[in-house]
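All values reported here derive from a predicted model rather than from experimental measurement.
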Amino acid sequence: MPTKKTTSAPDPELAAEETVSAAEPVKKTTRRRTAKKAEDTPVAETAKPKRARKTADKSAEGGETPAKKPARRTSKKAQKEPAERKKVAFIGSECYPFIKTGGLGDVMYALPQALIKQNCEVRVLVPRYKCIPQKWQERMIYRGSFDMDLCSDGRRYYVGIMEYIWDGVVYDFIDNDEFFSTGNPYTNLVDDIPKYCYFAKATLAALNYMDWIPDVIHCHDWQAALVPVYLRTLFNGTPVGAAKTMLTIHNLRFQGCYNVPTLRYWSGLPEWVFNKDMLRQGYDDANMFKGGLAFADMITTVSATYAQEIQTPFYGENLDAHLRKHADKLRGIVNGIDVNIWNPAADALLAANYDASNAVEQKKANKRALQERLGLEQNTDKMVLGLISRLTDQKGLDLVNDIIPALLDGNTQVVILGTGDAEYENSFREYDAANKGAFCAYIAYDEGLAHQIYAGSDALLVPSLFEPCGLTQLIAMRYGTLPVVRETGGLKDTVEPYNQFTNEGNGFTFNRYEAWLLLDAINRAKTLYFTERERWDEMVVRDMRKDVSWENSAVQYNGLYLELMKL
Ligand code: ADP
């Protein structure tokens, strides 16, 4: 790594650029000049902390960036407060509402919001993808930039930091057109491996650059898994090296696995981390997730059951032995949902708002509106089964596919919203064409329609092969729509099966991954719906009153952060 010099003299041009908005693209010449200046700025493993601070302080002046260390200028009492607050950096590849492809995006938004209430100061670092809608891009403020060496041959890349402060959370978008200009966050591993090597290293360099040193760096999934590896290697001894790391597994299926020479080149990591206990997988490959799991101070996953399951060969995605080895630092905490966004009483996308007191009546209005929108027979006596999902093998869609003819009995309607594998898209489209009025396959990603399906359906199907946590069953319960789930991962931990003897429970469940067991669970739901509506309605109310918020989980994460800080 080349050593960089530090600057102590403020640069008026650089300070002026700090206020450039994303709407006014920074001209190439400006960038080059900025980068050149920033070459003299300490950013990575060679940073000299004291002078780095000076430069970073300067860069925050005048902009709408967070005022740094205000306590130094205030009273003794006020000085004490920030010191007691935990500083947590969230690092992940997506974050609602800027960019979301699945549950990870929801978590990256909602958990920081909940942590603020637990006396945490949270900064979220995500890529500045070009596909982030213009409305958000325009609100970002230029926070600074520098040059960073990345590859094993010392190749250097521009790192820009665009910042947006919203609802008490600071969002820092890592900016680099070469890596983040595709129309979708994820494309293929050939592009994604370099992209997320760059991202992981750039986030740590950015934290040093901003002189914002977190107590805990909370990394999410394989795209951020190299963060703990960089932290304990190339960033050891730099200011950010003092932080502890937590790596959360949202889905173990995706791991960032590629051949060793490519990963060694792009990551620039030292040879010794490519051994079988760290990054190496099998003979030829290196696995970013595996490396992160080895180096993280704590591993969490999004439900207690999934934490157990991934230590077995069936769910372990070839990392079960590695996870068993690290089991002492593995914990499971179930996700919540943002109950303000998912709130049937105030959801502007619904035909009729409702709460637990009037759900039974008002859900009918939503059902009628849904039937009308999707071209289904408009009859609120029909039972509507919804399914909102990525259409992939993980989600149990082969089971659904097998039983559709058995579901369409004249009293039942089925609504599927999702995109994904062609085999499912096509099969559902065929069922749609053959069963107009009773079956609708809406092959798209449509946030608004998702809300309307949650509100207008009677039950929601989540028959996943594996499900780390699952959000759709939580949202369904919040909307008084009863979940039908397979007993796996977070589905098992969040849906208590209905007990006809005690009249307790939140939904209908089945255990083995077999189509007839899914059908049996749906039939149990149908029987209750059509023959004991009062009991069904009681369950609707019970589900709507169930606490599915982040509060509980945030308290548990907060406890783990404290544990980490004592290490
Ligand atoms: P995963 O992260 O595995 O895709 P989760 O259940 O954790 O599954 O989260 C899925 C999230 O994405 C939920 O918020 C769900 O409402 C949303 N979602 C999934 N598919 C669609 C779609 N086609 N249109 C709108 N929202 C969708």
Contacts of type ring-ring contact (aromatic ring centres under 6.0 Å, His included), residue [X], not counting sequence neighbours:
X	result
Y171	F98
F466	none
W550	none
Y424	none

- Item | Of D402, I416, L387, the residue whose pairing with L397 passes side chain to side chain contact (heavy atoms under 4.5 Å, CB included) |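 Only one of D402, I416, L387 forms a side chain to side chain contact (heavy atoms under 4.5 Å, CB included) with L397, namely L387.
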Does anything in [range] pair up under salt bridge (Lys or Arg N to Asp or Glu O under 4.0 Å), and if so which pairs, sequence neighbours excluded?
range	value
residues 274-290	D277-K325
residues 444-465	K100-E447, K367-D458, R373-D446
residues 247-260	R253-E317
residues 391-400	K395-E467

- Task: Please work out which of the three classes, parallel, tilted or perpendicular, describes the rings of W272 and F295, given edges at 30° and 60°.
- Result: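 Aromatic pair F295/W272 classed tilted.
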- Applying side-chain hydrogen bond (donor to acceptor under 3.5 Å, both in side chains), name anything that partners T301, two or more places apart in sequence or on another chain.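 Listed in chain order: nothing, the list is empty.
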- Message: Going by salt bridge (charged side-chain N to carboxylate O under 4.0 Å, His left out), name the residues that satisfy it together with D338, two or more places apart in sequence or in a different chain.
- Response: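 Partners of D338 by the salt bridge (charged side-chain N to carboxylate O under 4.0 Å, His left out) criterion come out as none, since no residue qualifies.
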- Partners passing salt bridge (charged side-chain N to carboxylate O under 4.0 Å, His left out) against R390 (at least two apart in sequence or in another chain):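 Partners of R390 under the salt bridge (charged side-chain N to carboxylate O under 4.0 Å, His left out) test: none.
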- Query: Around atom NZ of K492, are there more than 12 heavy atoms of other residues, nucleotides or ligands at under 6.0 Å?
  - Reply: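 Not more than 12 within 6.0 Å, no.
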N/O donor-acceptor pairs under 3.5 Å from side chains in residues 479-490, not counting sequence neighbours:
{"residue": "Y479", "atom": "OH", "partner": "N343", "partner atom": "N", "Å": "3.3"}
{"residue": "Y479", "atom": "OH", "partner": "D347", "partner atom": "OD2", "Å": "2.6"}
{"residue": "T481", "atom": "OG1", "partner": "K363", "partner atom": "NZ", "Å": "2.7"}
{"residue": "T481", "atom": "OG1", "partner": "Y454", "partner atom": "O", "Å": "2.6"}
{"residue": "T481", "atom": "OG1", "partner": "S457", "partner atom": "O", "Å": "3.2"}
{"residue": "R486", "atom": "NE", "partner": "N511", "partner atom": "O", "Å": "2.7"}
{"residue": "R486", "atom": "NH1", "partner": "S464", "partner atom": "O", "Å": "3.3"}
{"residue": "R486", "atom": "NH1", "partner": "L465", "partner atom": "O", "Å": "2.6"}
{"residue": "E487", "atom": "OE2", "partner": "T509", "partner atom": "OG1", "Å": "2.6"}
{"residue": "T488", "atom": "OG1", "partner": "E309", "partner atom": "OE1", "Å": "3.4"}
{"residue": "T488", "atom": "OG1", "partner": "E309", "partner atom": "OE2", "Å": "3.1"}
{"residue": "T488", "atom": "OG1", "partner": "Y315", "partner atom": "OH", "Å": "3.4"}

- Message: Pairing donors with acceptors under 3.5 angstrom, does anything connect the side chains of S93 and H220?
- Response: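 No.
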